[in-house]
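These notes concern the structure reproduced below.
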Amino acid sequence: MLELKNISFNVESEGQNKEIIKNVDLVIPDGKLIVITGPNGGGKSTLARLIAGIEIPTSGNILFNGEDITESTVTERARMGISFAFQQPVRFKGIRVIDLLRLAAKKQLSGADACEYLSAVGLCAKEYVDREVNASLSGGELKRIEIATILARSTALSIFDEQEAGIDLWSFQNLIDVFRHMRDNIKDGSIIIISHQERILDIADEIIVIKDGTVVDNGTKDEILPGLIGTSSALKCRKQ
Amino acid sequence: MKLDEIQKRLLREVADLHKVPEGAYNIRSNSTSAGRRSTENIEIVSKTDVSGIDIFIKPNTKNESVHIPVVLTESGLKEVVYNDFHIGEGADVVIVAGCGIDNCGNQDSQHDGVHTFYVGRGAKVKYVEKHYGSGDGKGKRILNPVTEVHMEEDSTMEMEMVQIKGVDDTDRKTIADLKEGAKLVVRERLMTHGEQQAISTYTVTLNGDNSSADVVSRSVARDNSFQKFDAKIVGNAECHGHTECDSIIMDNGRILAVPGLEANNVDASLVHEAAIGKIAGEQLIKLMTLGLDEHEAEEQIINGFLQ
Ligand SMILES: Nc1ncnc2c1ncn2[C@@H]1O[C@H](COP(=O)(O)OP(=O)(O)O)[C@@H](O)[C@H]1O
Ligand SMILES: [Mg+2]
């Protein structure tokens, strides 16, 4: 279980103090798939970065399974079981897909295991295991590899930040299948997905709406989703 | 072959040699020949006027290799060695050179290898050269290689040069000239530590139509080390030239990249790219979200970069 207690995050920008996250209280229960939506610039990615420890809140506390992790480093949180798929995946010259999967899985992954994770995200494993995670991969391929590393980690909490952006329609369906499959095998872990897509919102147990750095709505899918239909927080289909 | 443990270790580092290599070889240890074998197609002969060897590779020799590693373990040893490679037309060979210096003493040890390649028409050469230093003496480990490559029509040469550890001072010069249809590919990988200095200078002259050169250096400068990458391509014909310096700086490391392109023909197409910077913060953070600490993340990024 993840708890955010009165989290605020301010930055110094152009000589002004800017509040990006304002007094957010949230509980992410175990065994649930949570989708966070809301308008662009609302603070969703910042919230995810605060949870992963990439940013440290200006005030407030973060608890993971009861332990206060507010001051814990990114590495410590990762080792405790928090995984984070970036909105903009990172490229590495010379590091191969298999290397990244091995680092993620923390063990000598066999070729067959690596194949399984890559197939799950719709990549032909043979063609990809030895590719470098560099500029030769498209944005969509990178995102799928990013998701495969999260699958390889299989930690208690997985956070996905707008994974659908830049992914083609075929793999969008595939992506939903991946999330569904994770949901079906969730046990006592939890999944946070940041997305505007109605079809992704539709697989949520709970939906959180973030706007201007605050939680403006929060509840079960059935409570929240109908009110979002037709707004930018629940886009019908991409590219339409 | 009589080699001690240090010499064997150096051989493993510079030539991946765990035992006597297949094919032709010449192993030079502390200025003497520790072993040599010529084959039917590859003949190795000592020079009589200066220190060094001539390597004659018969035309159309296919899939054969030559290993010519050098190891130095005596502190204070300084040598200049001339090795000439005569590669016959249509041959297709792998040449593995490399020098390992272990200096436990207080005097500088230095090996200056002058390698000249005469690459015959249509021949294909893969050349691998590794440099390595070890030993904790105050004496420096110095390597100043000079590589000269003369390429005939339609010949191909791929050079892989690696210096990752332990060499204090390097001044490397590589000079190449290419005739029609010849192709040169250079991949240099370099890492410097401590107070090390490495200078690498290339002058590649494309004289023939359809000749091409691709010179790429990837390097990491750590601590207080300094590197200079000075790559010049001269295009005298319809040709393609590309140089690239891609570098990571850490600590107080310094790198100077000097681009040099000279087009003397309107159909010459020459490109230079250089990028120098520290490890991107988001790369470190990404690996940290996989559970690596900052130091482990750095090592992974550098290892990959220098692969
Ligand atoms: N380090 C920062 N410095 C200045 N502004 C920031 C910083 N991080 C985020 N922001 C700003 O905070 C707002 C929220 O951004 P973000 O969390 O990326 O929103 P979302 O993911 O919901 O689109 C944006 O206006 C963004 O420009
Ligand atoms: Mg975002």
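Here is the naming used below: chain letters follow the sequence lines, and residue numbers restart at 1 for every chain. Just so you know, these numbers come straight off a predicted model, no measurement behind them.
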So, for A/Phe84 and B/Thr289, which heavy atoms are closest and what is the spacing to 0.1 Å?
O-OG1, 4.3 Å
To the closest 0.5 Å, what do you measure between NZ (A/Lys93) and CG (B/Asp246)?
3.0 Å
Side chain, backbone, both or neither of B/Asn303 within contact of chain A (heavy atoms, under 4.5 Å):
neither
For the pair A/Arg79 and B/Glu296, find out whether any cationic side-chain nitrogen is under 4.0 Å from an anionic carboxylate oxygen.
yes
Check the pair B/Ile285 / A/Val90 against side chain to side chain contact (heavy atoms under 4.5 Å, CB included), numbers first and verdict last.
CA-CA 9 Å; B/Ile285 289 172; A/Val90 183; over 6 Å; no
Please tell me if the side chains of B/Phe305 and A/Ile95 come closer than 4.5 Å, counting only heavy atoms from C-beta onward.
no
Is there side-chain contact between A/Lys106 and B/Leu292, with at least one heavy-atom pair below 4.5 Å?
yes
What part of B/Gln300 gets within 4.5 angstrom of chain A, counting heavy atoms only: side chain, backbone, both, or neither?
both
From the list A/Ile54, A/Val74, A/Thr73, side chain to side chain contact (heavy atoms under 4.5 Å, CB included) with B/Met288 holds only for A/Val74
Which of B/Gln307, B/Gln283, B/Glu282 touches chain A most, by non-hydrogen pairs under 4.5 Å:
B/Gln283
Per-residue contact mode, A/Arg96 against chain B (heavy atom under 4.5 angstrom):
neither
Tell me, do A/Thr75 and B/Glu294 make a side-chain contact under 4.5 Å, heavy atoms counted?
no
